[in-house]
Amino acid sequence: GSQHRLWPEIEKTVKQQVEMAKLGVGECGTGWQLFAEDGEMRMYRREEEVDGMVVDPLKAVHVVKGITGHEVCHYFFNPQYRYDWETTLEQMTVLETISEDSLLFLQTHKRIWPASQRDVVFWSHMRKLPDDQDQDGPDIWTVVNNSTEDSEHPANAGKCVRIYLTVCLMCQTRVDPPKDGAPISRDNVSCKITYCSVVNPGGWAPASVLRAVYKREYPKFLKRFTAYVKNQTKNKPLMF
Ligand SMILES: CCCCCc1ccc(-c2ccc(S(=O)(=O)CCO)cc2)cc1/C=C\c1ccccn1
């Protein structure tokens with residue numbers, strides 16, 4: 001809860017990340033280049049390096065019919081579903097339950113040749129926010145994942161190179177009520193998903209390898225994840 005040592009950082013980072021996610025790819029200046037398209041999904045990246053390491057920020061926008069922002073965040077945040085949709089995940093451990101909407105994770109991801117295997121420690125927070133651009137519309141739901149230190153799991157102590165990431169999944173639900181006053185069904189809802197991520201790969205990895213991994217893995221991840229949510233929710237009542 002709000003007494004936890006990470007709470008001030010969680011509050012600050014969530015607000016900052018949601019504001020960034022709301023910025024369209026046009027508004028936040030030049031530099032965003034479209035690198036993948038599939039139906040309603042558009043993926044952009046900026047080519048950035050920090051100390052000679054590729055840390056290309058990524059922003060993906062996708063519109064998916066038949067699911068809500070609460071549902072998308074529910075399946076993204078809760079650990080019990082993660083092995084179903086996160087294909088590069090080798091090991092996931094919940095290190096701490098900070099509160100019912102905040103968890104501390106340790107994840108190791110499958111090694112991607114020729115780079116060495118990576119692991120990451122991050123807090124994950126799920127939150128509902130009023131949509132200030134659409135007062136009487138449904139709320140925005142978001143999950144923010146942000147790397148943090150954990151004294152029990154120091155970086156680079158084992159076989160894995162520690163990576164650092166900030167991820168924001170922001171979801172805006174749209175309801176188009178049926179003309180005849182019938183109850184809202186899945187045919188009347190869609191979700192605009194904005195996924196932003198910055199991953200610092202930690203130790204050295206060839207820029208060409210990293211960019212190839214991201215180009216291949218991000219579109220696959222977002223398509224697989226959204227298909228998973230549609231499949232999990234299709235026969236369940238709507239979650240707003
Ligand atoms: C040399 C290879 C270095 C990259 C290895 C790697 C590190 C981290 C991550 C990763 C990606 C998404 C998250 S999350 O959005 O928070 C969801 C929770 O799992 C957390 C971690 C992945 C991958 C490896 C592959 C890869 C890269 C993009 C997209 C998908 N897979």
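As the structure lists them, so they are numbered: ligands from 1, and atoms in each ligand from 1.
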Starting from the N and O atoms of ligand 1, collect every protein N/O partner closer than 3.5 Å and put each pair on its own line with the distance to 0.1 Å.
from     : atom 1 : to   : atom 2 : distance (Å)
ligand 1 : 15 (O) : Y195 : OH     : 2.8
ligand 1 : 16 (O) : N145 : ND2    : 2.9
ligand 1 : 19 (O) : E86  : OE2    : 2.5
ligand 1 : 19 (O) : Q107 : NE2    : 3.0

message: With a 3.5 Å distance limit and no angle check, can you tell me whether R118 reaches the backbone of G203 through a side-chain donor-acceptor pair?
response: yes
- prompt: Would V167 and V144 satisfy side-chain contact (heavy atoms from CB on, under 4.5 Å), going step by step from the backbone distance to the final call?
  reply: CA-CA 6 Å; V167 165; V144 176; over 6 Å; no
task: Determine whether the aromatic ring centres of H125 and F77 lie less than 6.0 Å apart.
output: no
Ring centre gap for W85 and F76 strictly below 6.0 Å: yes
Pairing of E149 and R162 as salt bridge, 4.0 angstrom limit: no
- prompt: What orientation do F221 and F225 show, parallel under 30°, tilted 30 to 60°, or perpendicular over 60°?
  reply: parallel
